[in-house]
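The first residue in the sequence is number 1, and the count goes up from there.
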Amino acid sequence: MNFPNEIIGTFNRNITLGIGTLKVFKDNTLFLTFTEQDIEVEDNVFTIDITNLFPDNGEYYINFTTGLFISIFGEVYQGINNTTDWAFIITDGEYDGTEYSNEYLIN
């Protein structure tokens, strides 16, 4: 399987961790939950080690709560709460997806 060993997210501003969760859903069912203790931040990138956590085959999407990521200027990212913004598929052991990259959104 060619699935990466990390979940990686890139923002257009440097970020810090707030409080919240990042959840991975598999075939529309909650599969994994990560808290701020599981997430590493460096500059404008966050990573989560997922080595050996994903089984072969399935449709996945990722959501995270408002306030999990905060810009260094105090802007609170509103999070993701849908099935399409950060979705990927593993079919026949092959990963089909991209690194999440988003313009930093604030209210």
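- Membership of the apolar cluster around F73 extends to I72, as traced through chained side-chain contacts below 4.5 Å between ILVMFWY residues.
- To the nearest 0.5 angstrom, I15 atom CD1 is 8.5 Å from I39 atom CD1.
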* To do: Apply the test side chain to side chain contact (heavy atoms under 4.5 Å, CB included) to residues Y61 and N28: give CA-CA distance (whole Å), side-chain angles for both, the deciding distance (0.1 Å), then the verdict.
  => CA-CA 8 Å; Y61 64 91; N28 291 315; 3.5 Å; yes
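- Residue pairs that meet the side-chain hydrogen bond (donor to acceptor under 3.5 Å, both in side chains) test with at least one member in residues 43-55, sequence neighbours left out, are D49-T51.
- To the nearest 0.5 Å, atoms CD1 (I7) and OH (Y60) are separated by 11.0 Å.
- With sequence neighbours left out, the side-chain hydrogen bond (donor to acceptor under 3.5 Å, both in side chains) criterion links E42 to no other residue.
- Checked against ring pair (Phe, Tyr, Trp, His ring centres under 6.0 Å), F34 has no partners two or more places apart in sequence or in another chain.
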Without placing hydrogens or testing angles, list every side-chain donor-acceptor pair under 3.5 Å for residues 62-70, not counting sequence neighbours.
| from | atom 1 | to | atom 2 | distance (Å) |
| --- | --- | --- | --- | --- |
| N63 | ND2 | N82 | O | 2.7 |
| T65 | OG1 | T21 | N | 3.0 |
| T66 | OG1 | Q78 | O | 2.5 |

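- Interatomic distance, CD of Q37 versus CD1 of I48, reported as 11.5 Å (0.5 Å rounding).
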* side chain to side chain contact (heavy atoms under 4.5 Å, CB included) assessment of F46 paired with L17 -> CA-CA 9 Å; F46 75 87; L17 275 176; 5.9 Å; no
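- Considering only heavy atoms from C-beta on, V24 stays 4.5 Å or farther from L53 through its side chain.
- Residues forming a side-chain contact (heavy atoms from CB on, under 4.5 Å) with L30 (at least two apart in sequence, or on another chain): K23, F25, T33.
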